[in-house]
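Here the structure comes first, spelled out in structure tokens, and everything after it is commentary.
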Amino acid sequence: AIINLMIPNVTILEAVNGKEAFDIATTKKPDLILMDVQMPEMGGVEATIEIREYEKNTGNRIPIIALSAGVVKGEKEKCIEAGMDDFLAKPIDQEALFKILEKYLSSFHQQSNYSSEENIAKNTSILFDDKLLLKNIGHDKTLFKELLNEVPNQFAHDIESLRKAVS
């Protein structure tokens, strides 16, 4: 859910095990794989090794980011050795995820709605164009007032939805 907020119109493909992850990687050709290390049937390390073997014949390389609780000593090194490009510890820190997306996805900068605190600080003015809104609703002043009255309720709903998405 966090990725959808960071990159609108992203398509997320979910695999429930390593075999599905391999199948998705080889048939759908995603731009990035967030690979859980602990998965049933075939773990993330094994799936990565299989994907890297398959890629030898294609010439393509999909960035694979390991996701792990990281409690086992040497797990990060094992993941990198298997062919993963990077490592994120769970629970996933939003800022760390942002940096990974920025590093591995060239399209991230064009699509991202994510704003770090630095970007928010730079944009100190928030613009509300009441004239444009009036124009877009056919200059209906009654509807305009109703919309403005609804804003606090909608913001409260959106904030609650964001809290659920983040958790």
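Positions are given from 1, in the same order as the sequence printed here.
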Inset, instruction - Report the distance from atom CZ of Phe22 to atom OG1 of Thr27, rounding to the nearest 0.5 Å. - result: 9.5 Å
Inset, instruction - Indicate, with yes or no, if Leu13 and Ile33 share a hydrophobic cluster defined by side-chain heavy-atom contacts under 4.5 Å among Ile, Leu, Val, Met, Phe, Trp and Tyr. - result: no
Inset, instruction - Give, for atom CD1 of Ile65 and atom CG of Asp86, the distance between the pair rounded to the nearest 0.5 Å. - result: 5.0 Å
Inset, instruction - With the side chain counted from C-beta on, respond yes when Glu102 and Phe98 share a heavy-atom pair under 4.5 Å apart, and no when they do not. - result: yes
Inset, instruction - Looking only at non-hydrogen atoms, find the nearest pair between Gly83 and Thr48 and report the distance. - result: C-CG2, 3.8 Å
Inset, instruction - With the side chain counted from C-beta on, respond yes when Arg52 and Arg61 share a heavy-atom pair under 4.5 Å apart, and no when they do not. - result: yes
Legend entry - Distance in Å, Lys56 NZ paired with Ile51 CD1, rounded so as to fall on 0.5 Å steps: 13.5 Å
Legend entry - Side chain proximity check, Val37 to Glu75, heavy atoms < 4.5 angstrom: yes
Inset, instruction - Verify, without hydrogens or angle tests, whether Glu160 (side chain) and His157 (backbone) share a donor-acceptor contact under 3.5 angstrom. - result: no
Legend entry - Check: Lys99 and Lys103 side chains under 4.5 Å, non-hydrogen atoms: no
Inset, instruction - Check whether any side-chain heavy atom of Val45 lies under 4.5 Å from a side-chain heavy atom of Cys79, and answer yes or no. - result: yes
Inset, instruction - Take atom CD of Glu150 as the centre, draw a 6.0 Å sphere, and report whether it contains more than 12 heavy atoms from other residues, nucleotides or ligands. - result: yes
Inset, instruction - Answer whether the closest heavy-atom distance between the side chains of Leu101 and Leu32 falls below 4.5 Å. - result: yes
Inset, instruction - Treating Ile, Leu, Val, Met, Phe, Trp and Tyr as nodes and any side-chain heavy-atom pair under 4.5 angstrom as an edge, say whether Ile92 and Ile100 lie in one connected cluster. - result: yes
Legend entry - Side-chain donor/acceptor of Glu55 to backbone N/O of Ile62, under 3.5 Å: yes
Legend entry - Where Asp140 and Leu143 come nearest, the two heavy atoms and their spacing: OD1-N, 3.0 Å
Legend entry - Sidechain-backbone polar pair: Asp36 side chain, Met39 backbone, donor-acceptor under 3.5 Å: no
Inset, instruction - Evaluate the criterion salt bridge (Lys or Arg N to Asp or Glu O under 4.0 Å) for residue pair Glu81 and Lys78; output intermediate values, then yes/no. - result: CA-CA 5 Å; Glu81 187 178 304; Lys78 183 179 177 183; over 6 Å; no
Inset, instruction - Mind running side-chain hydrogen bond (donor to acceptor under 3.5 Å, both in side chains) on Asp85 and Tyr104 for me, showing each step along the way? - result: CA-CA 9 Å; Asp85 298 284; Tyr104 292 100; 5.3 Å; no
Legend entry - Joint cluster assignment, Leu97 & Leu67, ILVMFWY side-chain distance < 4.5 Å: yes
Inset, instruction - Could you state whether Ile24 and Val16 fall into the same hydrophobic cluster, counting links through intermediate Ile, Leu, Val, Met, Phe, Trp or Tyr residues with side-chain heavy atoms under 4.5 angstrom apart? - result: no
Legend entry - Basic-acidic side-chain contact under 4.0 Å: Lys28, Asp23: no
Inset, instruction - Write down the atom of Pro152, the atom of Leu148, and the distance for their closest heavy-atom approach. - result: CD-O, 3.6 Å
Legend entry - Minimal non-hydrogen separation, Met35 against Ile64, with atom names: CB-CG2, 3.7 Å
Inset, instruction - Nearest 0.5 Å please: distance from the NZ atom of Lys19 over to the CD atom of Glu50. - result: 9.5 Å
Inset, instruction - Return yes when atom NZ of Lys164 has more than 12 non-hydrogen atoms of other residues, nucleotides or ligands closer than 6.0 Å, and no otherwise. - result: no
